[in-house]
Amino acid sequence: GLQTLLNATEPMSNSAHTLYMSMSQADTLATTSFVQPGLQTAESHREYLDAIDAAVVAADEVLRGSVETRAEDTEKVQDLVREIQRLIPQYTGLMERAQANQRVGNPLGVAYMSQASGLMHETMLLKAQVILDITRDQVEEEMQRLSRPQLVPLSGLLAALIALAAAQWALWRMFRRRLNKGFLAATALTLAAIVWLGASNIAAWDAGRNDFASAAGPYEQLTNARTTAQEMRTAETITLLTRNTQRANTSMNDTSAEVSNALDAVRDSAESSEVETARTALTSWIRAHTSMMNALQTGQYDRAVTLAAGEDSEESTEETTATSFSLLDESLANLISSSRLVQRSHINETLGTTRGVSTGIMVLMLLAIVMMFVGARPRIQEYL
């Protein structure tokens, strides 16, 4: 079960996160191209295609993982993934049509873009979020289940120990002989098996419940924060197209609070330099966003577009939301990757505590049976 969790369930959950982020990133890149000065650059279009490709690959990995795990919600996950796979060509078709109209200067391109973005946010990303939530729960539930004490094996070994002790006491009472060496050796071997299994259970419980839970919380906060930041970046672009500034300001406040809380959660466990880089990028993004919104509210649309989609240059010291968000997203991605490695290390640790236990206990119990035979053989020969 732990091998399945490590090799299928957890990677499937990570692929579900990749699926969500890749689709959100693709939509952000596509919508940003409608407000940036000039036509969409070849590099930007290539990044958009790479994000779509990553989403397609991640969807396939989620399907393969669901086949291996065979959890209770497997059928639901597979249905949702297949729906997303059917919708991706519709989304890309609408977006390509929008970009084709934009290239010839046709205002109808914005309508197609809004339709495609609506499909992404109102249908595809919602389904991807459900998949992400289900797979996260599967990882946590499996870890909790597999780190529970193994009461059945422990009770069986304990029953064997009690039976051995009772048999020796009964023989001593009936025949008034000294304790049987073979039975004593069998008792010692059974007691060693109980101690070994008990220690393994305690170590597995500690790694599975305490260590894993302490890593899973920050990991989930980071993934949620990155998702929220990606949505906020898309909302910035939509704001420029609709000129609706009030909602964007509210969303930025919520986004900055969520990202800050996630960074606080990993402050002690993650690399301090990466956390500080993310904090700096978040502060820079907030300042650039505020400048963009102020420019938009005062009618300086061209300056707002430059602040939203432009690139920082040596001639200008003014920050842009594009570069600030890109740096923040990269830092969050690095922190998520590090947090995931910590989470997987605890699963590995739990697996390590159980590795060899079943074989070792089987050997100990077989030796105990042999020792019982050795101890009983002289007494049986007395009656032959």
Tightest non-hydrogen contact, residues Ala98 and Gly109, listed as CB-O, 3.2 Å

Please tell me whether Gln129 and Asp133 have a donor and an acceptor in their side chains that are separated by less than 3.5 angstrom. yes

Using distance alone, with no hydrogens and no angle criterion, decide if Arg136 and Thr223 have a side-chain donor and acceptor under 3.5 Å apart. yes

Do Tyr91 and Met124 come close enough that some side-chain heavy atom pair is under 4.5 Å? yes

For a 4.5 angstrom cut-off between non-hydrogen side-chain atoms, does Val139 reach Leu5? yes

Looking only at the side chains, is there a donor atom on one of Thr9 and Gln138 sitting less than 3.5 Å from an acceptor on the other? no

Membership question, hydrophobic clusters at under 4.5 Å side-chain separation (ILVMFWY): are Val275 and Tyr219 in the same one? yes

With a 4.0 Å cut-off, would you call Arg145 and Glu142 a salt bridge? yes

Note, Leu335 side chain near Leu263 side chain (heavy atom, < 4.5 Å): yes

Any idea which heavy atoms bring Ser66 and Met12 closest together, and the distance? N-SD, 3.3 Å

Does atom CZ of Arg97 have more than 12 heavy-atom neighbours from other groups under 6.0 Å away? no

Looking only at atom types and distance, does a side-chain atom of Ser331 sit under 3.5 Å from a main-chain N or O of Leu327, one as donor and one as acceptor? yes

More than 12 heavy atoms of other groups within 6.0 Å of Glu83 CD: yes

Are the side chain of Ser155 and the backbone of Leu151 linked by a donor-acceptor contact shorter than 3.5 Å? yes

Using every non-hydrogen atom in the two residues, find where Leu154 and Gly198 come nearest and quote the distance to one decimal. CD2-N, 4.1 Å

So, does Thr123 use its side chain to make a donor-acceptor pair with the main chain of Met120 at under 3.5 Å? no

How far apart are the closest heavy atoms of His289 and Thr321, and which atoms are they? N-CG2, 3.5 Å

Tell me whether Asp329 contacts the main-chain N or O of Phe325 through its side chain, where contact means a donor paired with an acceptor under 3.5 Å. no

side-chain hydrogen bond (donor to acceptor under 3.5 Å, both in side chains) evaluation trace for Glu231 with Ser24: CA-CA 7 Å; Glu231 292 174 351; Ser24 179; over 6 Å; no

Nearest heavy-atom approach of Ala116 to Met95 is CB-CE, 3.6 Å

Would Ile361 end up clustered with Val370 when hydrophobic side chains under 4.5 Å apart are linked, directly or stepwise? yes

Identify the heavy atoms of Met371 and Ala186 that sit nearest to each other, and give their distance. CB-N, 3.9 Å

Counting C-beta onward and ignoring hydrogens, is there a side-chain heavy-atom pair between Asp53 and Val57 closer than 4.5 Å? yes

May I ask you to say whether Asp27 pairs ionically with Arg233, meaning some side-chain N is under 4.0 Å from a carboxylate O? no

Quick one: are Arg344 and Asn14 in side-chain contact, heavy atoms under 4.5 Å? no

Linking I/L/V/M/F/W/Y whenever any side-chain heavy atoms sit under 4.5 Å apart, do Val77 and Leu87 land together? yes

Side-chain donor or acceptor of Ser13 paired with backbone N/O of Glu10 under 3.5 Å: no

Taking Thr290 for its side chain and Ile286 for its backbone only, find out whether a donor-acceptor pair lies under 3.5 Å. yes

Would you say that Thr228 contacts Met232 through its side chain, given a criterion of any heavy-atom pair below 4.5 Å between the two side chains? no

Begin from the C-alpha positions of Thr28 and Thr234 and carry the test side-chain hydrogen bond (donor to acceptor under 3.5 Å, both in side chains) through to its verdict. CA-CA 5 Å; Thr28 299; Thr234 304; 2.6 Å; yes

Does Leu366 reach the side chain of Met362, with side-chain heavy atoms less than 4.5 Å apart? yes

Give a yes or no on whether a salt bridge exists between Lys76 and Asp79, defined as a side-chain N under 4.0 angstrom from a carboxylate O. no

Check for me, please, whether Ile52 and Leu49 land in the same ILVMFWY cluster - side-chain distances under 4.5 Å, paths through other members count. yes

Same apolar cluster: Val81 and Leu119, side chain cutoff 4.5 Å: yes

Side chain of Glu276, backbone of Ser272: donor and acceptor closer than 3.5 Å? no

Can you tell whether the side chains of Asp50 and Arg46 come within less than 4.0 Å, N to carboxylate O? no

Measure the shortest side-chain to side-chain distance between Arg340 and Ser337 over non-hydrogen atoms and say whether it is less than 4.5 angstrom. no

Establish, from distance only, whether the side-chain atoms of Thr323 and Thr320 form a donor-acceptor pair under 3.5 Å. yes

